> 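Please find one structure pasted underneath; my questions will follow.
As the structure is a computational prediction, the values presented were derived from the model and not from experiment. Chain letters run A, B, ... following the sequence lines, proteins first and then strands; every chain starts at 1.
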Amino acid sequence: MGLTDLSVKIGSLTLANPLIAASGCFGYGVEYAGVVDLSHLGGVAVKGLFLTERQGHPPERIVETPAGMLNAIGLQGIGVHRFIKEKLPELRERRATVIVNICGSTLDEYVELSRILSDAEGVAAIELNISCPNIKEGGITFGCSLHGTFDVVSAVRKVTRLPIIPKLTPNVTDVASFAKASEDAGADAVSLVNTFLAMAIDVETRRPKLSNIVGGLSGPAIRPIAVRMVYDCHRAVKIPVIGMGGIASAKDVLEFMIAGASAVQVGTANFADPFIWSKLLDGITEYLNRHHIPRVSDLTGTVDTGVHAAH
Amino acid sequence: MGLTDLSVKIGSLTLANPLIAASGCFGYGVEYAGVVDLSHLGGVAVKGLFLTERQGHPPERIVETPAGMLNAIGLQGIGVHRFIKEKLPELRERRATVIVNICGSTLDEYVELSRILSDAEGVAAIELNISCPNIKEGGITFGCSLHGTFDVVSAVRKVTRLPIIPKLTPNVTDVASFAKASEDAGADAVSLVNTFLAMAIDVETRRPKLSNIVGGLSGPAIRPIAVRMVYDCHRAVKIPVIGMGGIASAKDVLEFMIAGASAVQVGTANFADPFIWSKLLDGITEYLNRHHIPRVSDLTGTVDTGVHAAH
Amino acid sequence: MPVDVEARVISNTRLSPDYNVIALAAPEIARAAAPGQFVMVKPAQASAPLLRRPFSVFEVLRTNGRIEGLTLLSKRIGTTTNLLFNAAVGDVISCLGPLGRPFDLIDPPAEAWMVAGGVGLAPFATLAEALQSRGINVTLIYGARTSRELFYLDWFRTRGVRVLLATEDGSSGDRGRVTVPLERELQAASDRNVMVYACGPEPMLEAVAHLASRYGRPSQVSVERVMGCGLGGCYSCVIPVRNDNGGQHYVRSCIAGPVFSGEEIVWD
Amino acid sequence: MPVDVEARVISNTRLSPDYNVIALAAPEIARAAAPGQFVMVKPAQASAPLLRRPFSVFEVLRTNGRIEGLTLLSKRIGTTTNLLFNAAVGDVISCLGPLGRPFDLIDPPAEAWMVAGGVGLAPFATLAEALQSRGINVTLIYGARTSRELFYLDWFRTRGVRVLLATEDGSSGDRGRVTVPLERELQAASDRNVMVYACGPEPMLEAVAHLASRYGRPSQVSVERVMGCGLGGCYSCVIPVRNDNGGQHYVRSCIAGPVFSGEEIVWD
Ligand SMILES: Cc1cc2nc3c(=O)[nH]c(=O)nc-3n(C[C@H](O)[C@H](O)[C@H](O)COP(=O)(O)OP(=O)(O)OC[C@H]3O[C@@H](n4cnc5c(N)ncnc54)[C@H](O)[C@@H]3O)c2cc1C
Ligand SMILES: Cc1cc2nc3c(=O)[nH]c(=O)nc-3n(C[C@H](O)[C@H](O)[C@H](O)COP(=O)(O)OP(=O)(O)OC[C@H]3O[C@@H](n4cnc5c(N)ncnc54)[C@H](O)[C@@H]3O)c2cc1C
Ligand SMILES: Cc1cc2nc3c(=O)[nH]c(=O)nc-3n(C[C@H](O)[C@H](O)[C@H](O)COP(=O)(O)O)c2cc1C
Ligand SMILES: Cc1cc2nc3c(=O)[nH]c(=O)nc-3n(C[C@H](O)[C@H](O)[C@H](O)COP(=O)(O)O)c2cc1C
Ligand code: FES
Ligand code: FES
């Protein structure tokens, strides 16, 4: 068992294992220090940060849907400065591999945020949230335009040596072209998927169930779409793809990796089971041993479509 | 109870009620004559037809996913001529309101199909399937391009007086622009959503679970996304919107209508419960009575976003 | 005309760590079902799975001659079969049926050999009864991995069915597949008029159909394809069959089958 | 440190067509829980719902002084509460806790008034015990729609809790809301040192908090917001509280609460 190598590489960054806590689903990480040893995770993507504090949307902010949930948190957050002062020291002390998810209203904000984070101690990578469907100014305008994506990644590239990971939205016709634009602009990896723009209405009151009217769909419901998108992106780019969307078991982690992911993130499932991480690691290890696969990274992109292509 | 008016209008066509059997989920309608009185449905959208017979994809063609299913049937079908000869007479006899879902590899095929169907007796409307994600030649090239959509709808418009209903794919960045292009080209209504391009992998064999590698996701899993898209389209066009995606209860029908649908289609849920139709009608009627709403069509687009917009 | 019955579980008997027989109060279906037909079931309380699953009608339950329901013989392989394994008396299972094309029944003096692999035993209890009531001589050739997975032997024997067994580990009957006793019988019975009925995994069905036709015997096989609806609505359950013109095409096994002539099917 | 326990159902008692008390074998949580804390539960077998739901710890179960588990008082309003209503002895419920900020306990000579609306009774059994063990005089002011929805009155009375009731239909105690007896008591007790604890629907909490502060009494209210995680991970459960500078900001009620000072909260 001990011989199994669970480490994965995301550009210059080596993660202890492929499991990353997804942004917005793990607070700032420190909230979970009581239930999980943060150094045992491959990484912790913290809640999306703007330059300044944000209130977020009024409640209701979430609603459960079949095998999924909608959220419209609206990126409530303490801003990058308070994050560095109040949260990063504890994350550092707990030896978490910190991936900071950042959001801007303008290209300059992304640049400014990246510059600030590059100077902070204990940041392993920057995830560029250009895909939040819940707020107009959350970079979705960048995330839905190939030029926008290219521009924001290039601009950030100029100011930081930290690995940059644009987080892609699934709400586009051809997500692989966005992965390609990211790669061309110098990204170290891409992560996907963010949530699907969606909506639920209370038929008794005829009001949207979320105060923001629309929200983002996550959870097992979206997994088959996300797996397909990871598969598409993996074939389109050479940089690593970090996959997510509905992962709730070791089987799901493996499915994403086989489809093309080098690492994965887990969001919604962590809400239902904050102790999920060791279960996932055990399941992955069991699988690798049973199949005599020495390194988890050997799985990436090994989906066997050959026999089928023959039809 | 008897006073409730369940009829809805789709352009010049009046449906007895807003419930249409979704294409590909109800065979050619005749298969269900033993369990449902076809004349009690608002309409029957028959399985997608090409000009000629098609084999479809080899099995496996479906796989269940959380609150949903993937399919890659590949449009197996008997072709329009056999349909008219072998199925249409029985559908006519059973007084079904027949909506013929058509697929072409070229613009000319859509035109030819529409011409043929316009001369057939007992066709109430034509649904242009420009959105099947499972086959390259299934019009998805039209469905993912605004020009393509506009062109195919305009061309069909020239050869038929039957109501034309382009069926839109959700696999695009801005579905409302496709509804608008359809309206501009002379469509009588639009229907959405077709399925989401998706994938599932068997981790033990590392093979895709579908022979076609990718397939289309349908069922309750996608409902919140579909509702949002119907809401978007309803605000973008004046023509009726026919909504679908995961409808499995009367509440779901009402949700789509409140979001902006004039009628709805039910696909996947019919597989699980072929007797669903009367349950849906009963539920809708009960709701309308309880809320003192005389006509089901009064619900369309009445979602109350006002109080929330104030935030 | 299939009906949908919210059937209460009358009893649930575990036969092994994986097999169970569940009795369901669905007399309407039991009355109408012909041997080889199936039902589409879904545990009523569960929100997953989304789709129903097909199961052969195993037995028709009678009390004092009155039909009370039916049983299913189920082998655990996934979500629904686990729910069936764990179902409690009183639970409700939605049961849609009867569906599909049944076995063609033969007339004497022909005799019937029913070849079953594993849970493929399911359609043969009702088939045996129907054939015997026509005065047909019935043989069951039944294979499994081990003797612990051979069930209902007494049920068949007490009804006068001749039972031949095969197990992969040799713990009962012939060591090996069910084709071992089948071929021996075919060789021995060259003068008799035999219809071969088969149900089990597809490779077994293929082997049985080939053997039967090699020995000039007709066969009827019941295939198991993944089914989304059971009514011809979804086109998921297709199987390739021969065309008149020598080609092949897909037919829906839920309405054109699940029973096919062994010669009709184009095996992989 | 919250733990996750796969807790067996020890018993499930229906109090009315909508209310039940379910006993769960989660001694680890019962031991650690302070009054006002909650657990996030999810029936283990069910695939839906996806997310856990928050429930106050109602009672701590003891046999000969040994802590055996805890109970939840549940009111049916949707998926999970229906599953809890129908759960059978032996079923497994995943139970994560204890979570959240408990009530602040007061010291004598102050007395405690616990104001409960409907299922808002839940946190007050353990609170009453904790306060009484400190020698505090405890009053329960408890309202519901009708007397048939008032539960556990004897439980509180036998423990020496003074019980005042209000029902909307007047079938027990005062006719009207719980604020009727509360206001009367506040008027009468102007010379006494009282902490008002409240749990129930938010409009009730708002009314109670306002009444308390109008009469110069501190209050602690336990709010019920939709919770996705219970651990501070999702930011779904926020409630607006006052800033030092007179503004307001959202805090996560799962970790900053569910108990807040009534003065802190910015009511709608
Ligand atoms: C006409 C017909 C009659 C049948 N009669 C019986 C019967 O009497 N008793 C019985 O136990 N089973 C019978 N089966 C098989 C039964 O339908 C499957 O075992 C069942 O669908 C499995 O459902 P599940 O939810 O437990 O497994 P799932 O969770 O759906 O699937 C588990 C795994 O098994 C695979 N699988 C799914 N369906 C099938 C299938 N039909 N055959 C093989 N593998 C499959 C899936 O791909 C998946 O990998 C019959 C099938 C057909 C078509
Ligand atoms: C800290 C805390 C403690 C609680 N303690 C108890 C308790 O001891 N006993 C008890 O019965 N309930 C308690 N609740 C409320 C309980 O969490 C909800 O009743 C439960 O989440 C409903 O879940 P469901 O799956 O049955 O309903 P769902 O199917 O989730 O919802 C049904 C409907 O109720 C609405 N709803 C969902 N959550 C809430 C909520 N929190 N308040 C009001 N409406 C809601 C939904 O919007 C939906 O319309 C507590 C809530 C909190 C936050
Ligand atoms: C409540 C919630 C909040 C989220 N907040 C963020 C965020 O701040 N930044 C971001 O990039 N993604 C955010 N996401 C998206 C997740 O990181 C993830 O991309 C998505 O939920 C899909 O993964 P899952 O199905 O495992 O949850 C959020 C998701 C949820 C459910
Ligand atoms: C098995 C299957 C076959 C389908 N075939 C077609 C088709 O031939 N033409 C078409 O326009 N849509 C087809 N669809 C899409 C449905 O009509 C519908 O748009 C989609 O399934 C979403 O609705 P639902 O969630 O109610 O199933 C098919 C869907 C399924 C599940
Ligand atoms: S199972 Fe749907 S067509 Fe056969
Ligand atoms: S419930 Fe998730 S942050 Fe409070």
> Run the side-chain contact (heavy atoms from CB on, under 4.5 Å) test against E53(A) and tell me which residues pass, sequence neighbours left out.
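side-chain contact (heavy atoms from CB on, under 4.5 Å) check on E53(A) returns R82(A).
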> To the nearest 0.5 Å, what is the distance between OG1 (T173(B)) and CG (L197(A))?
11.5 Å
> How would you list, by chain and number, every residue that makes a side-chain contact (heavy atoms from CB on, under 4.5 Å) with L288(A), sequence neighbours excluded?
T4(A), L6(A), I284(A), I293(A), V296(A), L299(A)
> Strictly less than 4.5 Å between heavy atoms, which residues of residues 219-236 of chain A line up against chain B? Please order them by number.
P220(A), A221(A), R223(A), P224(A), I225(A), V227(A), R228(A), Y231(A)
> Working to the nearest 0.5 angstrom, can you tell me the gap between N212(B) CG and T305(A) OG1?
11.0 Å
> Quick one: of V63(A), V303(A), T205(A), D202(A), who has the most non-hydrogen atom pairs under 4.5 Å with chain B?
V303(A)
> Could you please state which residues from residues 248-259 of chain A sit under 4.5 angstrom from chain B, measuring non-hydrogen atom to non-hydrogen atom, sorted by number, or 'none'?
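Hits under 4.5 Å: K251(A), L254(A), E255(A), I258(A), A259(A).
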> Among G246(B), A67(B), P170(B), who wins on heavy-atom pairs under 4.5 Å with chain A?
A67(B)
> Measure T302(B) against the heavy atoms of chain A and call it side chain, backbone, both or neither at under 4.5 Å.
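For T302(B), backbone and side chain are both near chain A.
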